**Student:** 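So that we are looking at the same thing, I have put the structure below in structure tokens.
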Amino acid sequence: MDRAYKPGEDGKTFAQYVKVRMDKEWFGISIAMVENIVRLQRITRVPGSEFYIKGVINLRGKVVPVMSLRLKMGMEEGEEQRTNRIIILKIDGDEIGVIVDEVREVVTIPDEDVEKVYSESSQANAAYLLGVGKLNGNLISLLDMYEVLGVKQQ
Amino acid sequence: MDVSQYLEIFIDEAKEHLENLNTQIMNLEQDGENMDTINEIFRAAHSLKGMAGTMGFKNMQTLTHDMENVFSEVRNGNVKVSSEMVDVLFQCLDALDEYVTNIQQTADEGDNDNAALIKAVNDFLAASENDGEKAPQSTASSQAGGSPTAGAGAEEGNAPSADGGAQNGNPNGDSNGKHKWKEIKIGNVEKGAIADAAKEGLQAYGISVYIQESCLLKAARAFLVFRAMEEIGEVILSVPSVQDIEDERFDKDFSVIYLTEEPLNKVLDAIKNVSEIEDAVGDVVNLSEGEAKEEGDKASGAGTGAGSGSGDTSASKEKSQAGNAKQDTKKVMGKPVVNRTVRVDIEKLDSLMNLVSELIISKNSLVSVASTEIGTSSLAFNEQIEYLESVTTSLHESVMKVRMVPIESVVTKFPRMIRDLSKKLDKKMELYMTGEDTELDRTVVDEIGDPLMHLLRNSADHGLESAEVRAQRGKPEVGSIFLDAYQDGNNVVIEVKDDGNGIDVEAVKAKAIEKGKITPEQAETMTEKEVIDLLFQPSFSTAKQVSDVSGRGVGLDVVKSKIESLSGEVEVSTKLGEGTTFTIRLPLTLAIIQTLMVIVGGEKYAISLGSIQTIESIPVDEVKTVQGREVIYLRGNVIPLVRLTKELGVESMNAPDADLLVLIAKKGDRLAGIVVDEMIGQMEIVIKSMGKFIGKSKLISGATILGNGEVALILDANAMI
Amino acid sequence: MGNGILIVDDAAFMRMVIRDILVKAGYEVAGEAADGKEAIRLYRTLKPELVLLDITMPEMDGVDALKKIMQEDRDAKVIMCSALGQSSMVIECIQAGAKDYIVKPFQADRVIESIRKLIG
């Protein structure tokens with residue numbers, strides 16, 4: 001997939017994000033790296049892996065690891081819900097699924113409406129954020145999935 | 001021409017040629033007079049030149065062209081192979097390699113024209129010319145691949161007068177327009193021939209032929225014209241001479257005096273029908289007109305006419321020429337080693353492999369359906385299932401075989417590397433390789449190069465002692481490094497061995513203490529093996545001084561993790577003062593293995609069958625505790641128990657007093673008893689990678705997808721021993 | 001005859017280039033050979049209308065292959081594929097009966113001109 005940035009009609013640059021919920025908070029994940037979104041399915045536990053790795057799933061014949069985004073972000077493990085989804089991300093050719101509580105929609109946010117968050121910020125997981133976007137008067141935290149997954153950006 | 005579509009095959013083939021060149025130049029250094037080697041190098045350079053030219057890679061074309069020239073001279077015995085030449089040739093290879101790498105990355109060869117290198121190459125040619133063996137014109141004949149140098153002396157005899165003849169033709173050319181043949185001085189011999197021919201009804205014509213400016217190999221073009229003419233007549237005189245034309249000592253036109261019974265326009269048409277001929281003009285030769293000029297021209301006529309006089313003499317000359325060339329071309333027939341192959345994109349093979357995997361999965365699910373749903377298990381159904389099993393098994397085997405390639409492609413570069421290292425480190429050493437034809441899966445072969453290279457460097461740099469030390473120890477001055485590959489059951493073993501110093505365990509300990517990896521107390525109690533294992537820890541180098549050969553931060557730890565990522569393992573054996581052997585053991589095929597499916601704490605796992613010796617049922621009270629470890633006694637062996645429930649962090653589903661189900665696994669001469677809850681049975685599974693987001697676990701070597709779509713993890717029994 | 005053209009070159013790359021040139025110009029390719037021996041074998045079985053024969057090849061080079069082909073079929077139409085610097089070999093081939101030659105790097109129109117003159 002090409003990068004999601006395209007010049008807008010008014011010359012503004014913007015990016016598109018998948019809007020996801022964890023607990024009561026809404027987050028955005030750049031659709032540039034989203035391969036697929038699937039329902040929660042049988043996960044095989046992998047002994048000895050990190051606490052936030054839930055295990056591996058069978059994604060159309062491929063074995064793909066799945067992590068709990070809640071645990072990774074330092075939040076509490078949530079109850080399994082009907083709205084749970086696994087977002088399959090592809091990063092540098094490797095796939096990984098992240099479990100979120102709910103996926104709502106794809107939103108478009110002009111880059112100028114994104115405010116940087118500095119790591120001095122009080123938020124514990126500020127390092128995981130690209131910034132905070134304004135969306136119809138609400139705020140949405142845009143996740144830097146490279147940081148979240150601990151992958152060096154190239 | 002749009003050549004981008006050929007890039008892939010160009011790169012593939014260019015790399016093959018480079019590898020071949022590498023090997024051959026190594027051979028050349030051993031034996032500078034081996035004709036097969038010289039011819040092979042010539043041929044590879046020649047092919048590369050043609051390919052580069054077609055793709056429009058000018059720099060690469062120029063360099064290969066000059067290399068080819070040198071080899072043409074080597075082949076003809078005019079230039080001797082020296083060690084300086086070998087050095088330069090290796091530099092050429094590196095330069096070519098760089099071009100190819102650039103092309104691979106950017107589809108362009110880059111701007112480096114390697115002028116210095118080209119000069120160095122051409123200096124070998126210049127040197128040979130200065131030896132006085134060749135006339136200044138010799139570049140022309142040196143370009144002529146198989147040009148017979150035997151006749152060089154004769155050529156030089158002709159050259160001055162021939163040039164004179166050509167010059168005579170040109171200045172006056174204008175007055176006669178295109179009919180340059182009118183400038184030809186006809187000698188008495190020719191006059192006699194013309195007069196005789198006239199009696200037989202043959203007409204004498206003067207003809208001038210113009211070759212297109214763009215024409216390459218004009219000499220050959222001229223020869224095609226000669227042949228066309230000689231099919232319907234006879235050339236009795238040619239300016240420039242036949243010899244000069246053959247040596248391409250003419251501009252773009254030549255003139256002849258020609259006898260034929262055919263009308264002129266038919267002759268001209270025959271000439272013009274040859275490709276790349278711009279024009280041909282001619283007219284009847286009027287002898288009386290030329291009479292006045294006749295006198296002073298006898299000498300020059302005889303000079304130019306070495307091949308003239310009659311068609312017969314020139315033909316016989318051509319024959320001897322052909323004879324010479326043939327001798328040379330015989331030598332060109334180099335190595336007859338050409339594999340009959342079809343190139344297949346690795347992606348296509350991967351997708352075929354995936355399909356086979358899918359087929360096996362679906363077969364497995366059919367088998368499980370057949371065994372669970374009693375109603376459907378008719379005899380015929382089972383037969384079909386068995387048939388399907390045998391088909392999938394052989395399909396799998398043949399796909400795996402297709403993916404197998406000899407490690408040769410990787411190891412051929414090593415002799416060169418050791419040669420370079422030998423010079424750089426100023427140590428004498430020799431690399432001996434065996435089993436280059438040992439085959440491994442393509443993906444493994446692609447990955448194995450770097451670790452092997454590192455181990456060889458390690459042997460060359462840290463392993464082999466200096467000449468003085470070797471002398472003191474009574475070892476031969478030249479150190480030996482061995483690279484031996486062979487198949488051993490389901491594994492391929494590659495050994496890198498040297499007859500050097502061996503690993504100094506005490507030095508390693510000291511270093512580890514200094515680096516704070518271990519305490520002096522720990523060092524006391526460590527076994528030799530444990531100490532050697534320290535070498536495989538990240539950033540551990542015992543080299544007293546960091547050299548740019550192997551001490552560049554890439555340590556044995558990288559070798560180890562690379563080999564492990566290929567499901568292989570590395571072992572070291574060493575004897576101080578005698579040498580070290582690194583043994584790499586790799587699975588023959590990666591993708592599909594026979595396993596035993598077991599249940600542990602309610603979870604399904606696959607254990608590779610290869611390491612399982614027997615399956616035992618052991619009463620709980622037979623489990624003893626020795627030094628805090630659970631063991632069982634079995635047929636005279638004390639076997640430590642590995643409780644998978646504990647290793648995997650689950651609770652057993654079995655009653656505490658139930659008999660234990662123990663898989664006896666063997667690695668080398670060590671045994672272990674792996675305790676599982678339940679056994680499902682034997683199953684052929686497709687190994688799937690779990691990706692890099694799951695940290696490497698010692699115990700888990702991969703995952704597989706079962707017939708019901710469930711993912712099961714594969715346990716590495718070796719890691720439990 | 002209309003049996004197409006036989007391409008002989010040890011480099012798969014070159015065969016591919018030539019094949020494309022021929023196909024684009026509407027000629028049929030009878031087959032491909034990677035060395036002289038194979039060329040002779042294929043000449044016998046395929047009876048091609050024309051052969052594009054590389055000179056420098058392993059096993060048996062183009063010069064010897066040409067001679068063998070000419071020996072078996074005096075009317076064989078063979079165009080030698082040469083490189084710069086092979087003048088004397090090309091001349092030897094012409095004397096042995098090669099109908100024409102082309103020089104690498106190939107220019108499509110030059111290749112086609114040569115073929116057209118021989119087989120139309």
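Given the structure is predicted, the values throughout are model-derived calculations rather than measurements. Just so we're on the same page: letters track the sequence lines, and every chain starts at 1.
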**Student:** I'd like to check B:Leu21 versus B:Leu48 (side-chain heavy atoms, cut-off strictly below 4.5 Å). Are they in contact?
**Tutor:** yes
**Student:** Measure the CG-CD1 distance between C:Asp64 and C:Ile55 for me, rounded to the nearest 0.5 Å.
**Tutor:** 11.5 Å
**Student:** Please classify the contact of C:Lys37 with chain B as side chain, backbone, both or neither, using a heavy-atom distance under 4.5 Å.
**Tutor:** neither
**Student:** In chain order, what residues pass the salt bridge (Lys or Arg N to Asp or Glu O under 4.0 Å) check against B:Lys58, with sequence neighbours excluded?
**Tutor:** none
**Student:** Does anything in residues 112-120 of chain C reach chain B? List residues with heavy atoms under 4.5 Å apart, or say none.
**Tutor:** C:Glu113, C:Ser114, C:Lys117
**Student:** Quick one: what part of C:Ala98 sits under 4.5 Å from any heavy atom of chain B, side chain, backbone, both or neither?
**Tutor:** backbone
**Student:** Does any N or O in the side chain of B:Thr64 come within less than 3.5 Å of the main-chain N or O of B:Met60, such that one atom is a donor and the other an acceptor?
**Tutor:** yes
**Student:** I want to know whether B:Phe254 and B:Phe226 have ring centres closer than 6.0 Å.
**Tutor:** yes
**Student:** Where do B:Val209 and B:Ile277 land on the side chain to side chain contact (heavy atoms under 4.5 Å, CB included) test, with the steps shown first?
**Tutor:** CA-CA 8 Å; B:Val209 180; B:Ile277 295 304; 4.1 Å; yes
**Student:** Select, from B:Ser275, B:Ala222, B:Ala52, B:Ser47, the one with the greatest count of heavy-atom pairs under 4.5 Å involving chain C.
**Tutor:** B:Ser275
**Student:** Mind checking side-chain hydrogen bond (donor to acceptor under 3.5 Å, both in side chains) for B:Asp269 and listing every partner two or more places apart, or none if nothing turns up?
**Tutor:** none
**Student:** Only pairs of heavy atoms separated by less than 4.5 Å count here; which of C:Asp9, C:Val90, C:Ile94 has the most with chain B?
**Tutor:** C:Ile94
**Student:** Name all residues meeting the side-chain hydrogen bond (donor to acceptor under 3.5 Å, both in side chains) criterion together with C:Arg19; count only those two or more places apart in sequence or in a different chain, and write none if there are none.
**Tutor:** C:Glu32
**Student:** Which atoms of C:Asp10 are under 4.5 Å from chain B, going by heavy atoms: the side chain, the backbone, both sets, or neither?
**Tutor:** both
